[in-house]
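To start, the structure under review is shown below, and the notes come after it.
These numbers were taken from a predicted model, which means no experiment stands behind them. Residues take their numbers from the sequence shown, with the count starting at 1.
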Amino acid sequence: GMRPGIVHRLDRDTSGLLVAARNDHALHALQAQQQARLMTKIYLTVVDGRMKETEGVIDAPIARHPTDRLRMAVIAGGKAARTHWRVLEDLGDYTLLEARLETGRTHQIRVHFASRNRPVLADPLYGPKRPRATFGLTRQFLHAHRLGFTLPATGEWVEFTSPLPADLAAALVKLRHNAGAPVENMLLE
């Protein structure tokens, strides 16, 4: 059929890039790349708290929460899930991270960091009921920033980048100000 196929979905209120296939051949080829973990999916996120290391991997299985059907949770026997992360910027009480998905489970980044007591900033589902601050955000600080895959038709590797949208960029300025960092320190221009 000619209906475009969305190869991977973004959570509600997560901004950034997604892949749509224009035909069935491309859809199946891209889905196969995704299943084989050959697609690069990099997100930018701010978490509440400091990280002890500069980079790491969260390897923890994810399944539907046993009582709250809206949520996912880290659950033994869930589906394998791996998130690679590295610190981009120390924001005092908060941290700007790059998170690379090895698997793409529902809410994976949000669930993984919340399970480490580092919830994504302003996350209504996995963050604290009363966050310390939201820095003007009305949604979680999570953005699908970079996407790489092989074009099914040509076999060429392509990468796309999406800059931080206005609301997250504005929150980052406030976070830097709050941390006492010089605002010229604009990592993501």
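Counting heavy atoms from C-beta outward, L101 and I109 have side chains that approach closer than 4.5 Å. The shortest distance between side-chain heavy atoms of R139 and L168 falls below 4.5 Å. Within the 4.5 Å cutoff, the side chain of R82 has heavy atoms near those of the H84 side chain. Put simply, the side chain of Y94 does not reach to within 4.5 Å of the side chain of V47, judged on heavy atoms. When side chains are defined from C-beta on, R110 does not count as touching P119, because their heavy atoms never get closer than 4.5 Å. Counting heavy atoms from C-beta outward, F141 and L97 have side chains that stay 4.5 Å or more apart. Inter-residue side-chain proximity for M72 and H65 is flagged as unmet; no heavy-atom pair is nearer than 4.5 Å. Using a 4.5 Å heavy-atom threshold, the side chains of T45 and L142 count as touching.
Taking all atoms of both residues into account, the shortest heavy-atom contact from A26 to A21 is C-CB, 3.9 Å. The two residues A60 and V74 make their nearest non-hydrogen contact at CB-CG1, 3.8 Å. Among all heavy-atom pairs drawn from P165 and S15, the shortest one is CG-OG, 3.4 Å. Closest non-hydrogen pair, A76 versus P61, comes out as CA-CG, 4.2 Å. Summarising the geometry of G16 relative to S162, their closest heavy-atom pair is CA-OG, 4.1 Å, with the distance given to 0.1 Å. The heavy-atom pair separating T134 from P131 by the smallest distance is CG2-CG, 3.9 Å.
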Where do E98 and H145 land on the side-chain contact (heavy atoms from CB on, under 4.5 Å) test, with the steps shown first? CA-CA 9 Å; E98 179 185 270; H145 174 59; 5.5 Å; no
How far apart are the C-alpha atoms of Y126 and V120, what are their side-chain angles, what is the distance that settles it, and do they pass the side-chain contact (heavy atoms from CB on, under 4.5 Å) test? CA-CA 8 Å; Y126 299 99; V120 171; over 6 Å; no
Check the pair T95, R118 against side-chain contact (heavy atoms from CB on, under 4.5 Å), reporting the backbone distance first and the verdict last. CA-CA 9 Å; T95 310; R118 296 290 179 272; over 6 Å; no
Derivation of the side-chain contact (heavy atoms from CB on, under 4.5 Å) call for H107 and I62: CA-CA 9 Å; H107 299 175; I62 291 176; over 6 Å; no
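Checked by atom type and distance alone, the side chain of R146 never pairs as donor or acceptor with a backbone atom of E159 at under 3.5 Å. R105 places a side-chain N or O within donor-acceptor distance of the main-chain N or O of A80, the cut-off being under 3.5 Å. Within the 3.5 Å criterion, the main-chain N or O of V173 finds no donor-acceptor partner in the side chain of H177. Remark: side-chain polar atoms of Q108 are not paired, donor with acceptor, to backbone N or O of A81 under 3.5 angstrom. Remark: the backbone N or O of R12 is paired with a side-chain donor or acceptor of Q140 at under 3.5 angstrom.
Linking Ile, Leu, Val, Met, Phe, Trp and Tyr whenever their side-chain heavy atoms come within less than 4.5 Å leaves I42 and W85 in two separate clusters. Under a hydrophobic clustering in which Ile, Leu, Val, Met, Phe, Trp and Tyr are joined whenever their side-chain heavy atoms come within less than 4.5 Å, directly or via other members, L137 and L88 fall into the same cluster. Under a hydrophobic-cluster definition in which Ile, Leu, Val, Met, Phe, Trp and Tyr are linked whenever side-chain heavy atoms come within less than 4.5 Å, directly or via other members, L30 and F160 are assigned to the same cluster. A single hydrophobic cluster is not seen to contain both V57 and V87; linkage of ILVMFWY side chains at heavy-atom distances under 4.5 Å, directly or through other members, places them apart. Grouping the Ile, Leu, Val, Met, Phe, Trp and Tyr side chains by contacts below 4.5 angstrom, directly or via other members, places V19 apart from L38.
The OG1 atom of T103 sits 12.0 Å away from atom CD of Q35, with the distance rounded to the nearest 0.5 Å. Interatomic distance, CG of L172 versus NE2 of H143, reported as 12.0 Å (0.5 Å rounding). The distance from the CZ atom of F113 to the CG atom of D123 is 12.5 Å, given to the nearest 0.5 Å. Atoms CG and CZ, from L27 and R22 in turn, are 13.5 Å apart once rounded to the nearest 0.5 Å. The CG atom of L18 sits 8.0 Å away from atom CG of L147, with the distance rounded to the nearest 0.5 Å. The structure places CG of L121 at 6.0 Å from CG of L175, a figure rounded to the nearest 0.5 Å.
Open room surrounds CZ on R86; 12 or fewer heavy atoms of other groups in view lie less than 6.0 Å from it.
Each of R100, E102, H112 was checked for a side-chain hydrogen bond (donor to acceptor under 3.5 Å, both in side chains) with T83, and the lone residue meeting it is H112.
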